[in-house]
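See below for the structure under consideration.
By convention in this document, chain letters (A, B, ...) are assigned in the order of the sequence lines, proteins followed by strands, and residues within each chain are numbered from 1.
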Amino acid sequence: GAVVSQHPSRVICKSGTSVKIECRSLDFQATTMFWYRQFPKQSLMLMATSNEGSKATYEQGVEKDKFLINHASLTLSTLTVTSAHPEDSSFYICSARVQCTGNTISFGEGSWLTVV
Amino acid sequence: KQEVTQIPAALSVPEGENLVLNCSFTDSAIYNLQWFRQDPGKGLTSLLLIQSSQREQTSGRLNASLDKSSGRSTLYIAASQPGDSATYLCAVSKDRGSTLGRLYFGRGTQLTVWP
């Protein structure tokens, strides 16, 4: 139980285009989801906290107009990287808080973004 | 701000050795601490979760301890195997309330176990 599915697992896009990454909770409702980014050899850094039905809360230094987060339902949060640049190439991973299991955290499989 | 440090950054050992991975955090007011495994190009697999009121957790050959007051945790791997090769991440959850579930990660320890 408490499975989080993330899609796509890998994506290559051209510089200047936008890419959408989806994070779905398959068998539970997630009012809160978290988006992280991990550069090579670095730790996972929280980008934003996504709350269903309200605006996301972004961490300091993360451009909210560049990284658009939408959490329109209790099972889906999306991260859209707008006008992607090569420096946005990274590993993006989402997680969801599972309230029915005592607030444990389930992670998606992650998405590798390469901007060329 | 919560900062998480993991030592060593990398570890290479022969099969069968018992290992200790270290994690320290700057703010002892944590809700829980979690150890994850990350295989190359993959997501995260949760290994052990220790609540702030607990001192240790065990799962198979893995044992994690927590000393909240000193801001330290160790992950002990007994009788290591080549299949244990991965990056091990330590993460703490500091917040309660609406941001519960937000994790602060260390950079990880890259473990290689050779036959």
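- Among all heavy-atom pairs drawn from Gly106(B) and Ser43(A), the shortest one is O-CB, 3.0 Å.
- With a threshold of 4.5 angstrom between heavy atoms, Leu44(B) approaches chain A through its backbone and through its side chain.
- In this structure, chain B has a heavy atom under 4.5 Å from the side chain of Ile93(A), while its backbone stays farther away.
- A donor-acceptor pair is defined here as one N or O able to donate and one able to accept, closer than 3.5 Å; no such pair exists between the side chain of Tyr36(A) and the backbone of Phe105(B).
- Under a hydrophobic clustering in which Ile, Leu, Val, Met, Phe, Trp and Tyr are joined whenever their side-chain heavy atoms come within less than 4.5 Å, directly or via other members, Tyr76(B) and Leu111(B) fall into different clusters.
- For chain A, the nearby part of Gln38(B) is the side chain; its heavy atoms alone come within less than 4.5 Å.
- In this structure, no portion of Gln6(A) lies under 4.5 Å from any heavy atom of chain B.
- Here Glu109(A) contributes atom CD and Thr45(B) contributes atom OG1; the two are 10.5 Å apart, rounded to the nearest 0.5 Å.
- Leu103(B) CG to Arg97(A) CZ: the interatomic distance, rounded to the nearest 0.5 Å, is 11.5 Å.
- Within the 4.5 Å cutoff, the side chain of Phe36(B) has no heavy atoms near those of the Ile105(A) side chain.
- The same ILVMFWY cluster, assembled from side-chain heavy atoms under 4.5 Å apart, contains both Ile30(B) and Leu47(B).
- Clustering ILVMFWY residues whenever any of their side-chain heavy atoms sit less than 4.5 angstrom apart, transitively, puts Met45(A) in a cluster other than the one holding Leu79(A).
- One hydrophobic cluster holds both Trp35(B) and Leu11(B) under the rule that ILVMFWY side chains link at heavy-atom gaps under 4.5 Å.
- Both Val4(B) and Leu75(B) belong to a common hydrophobic cluster when Ile, Leu, Val, Met, Phe, Trp and Tyr are linked at side-chain heavy-atom distances under 4.5 angstrom.
- With a 4.5 Å cut-off on non-hydrogen atoms, Glu59(A) touches chain B through its side chain but not through its backbone.
- Of the listed residues (Arg107(B), Gln34(B), Gln6(B)), the greatest number of heavy-atom pairs within a distance under 4.5 Å of chain A belongs to Arg107(B).
- In this structure, the separation between OG on Ser95(A) and CZ on Arg102(B) is 11.5 Å, given to the nearest 0.5 Å.
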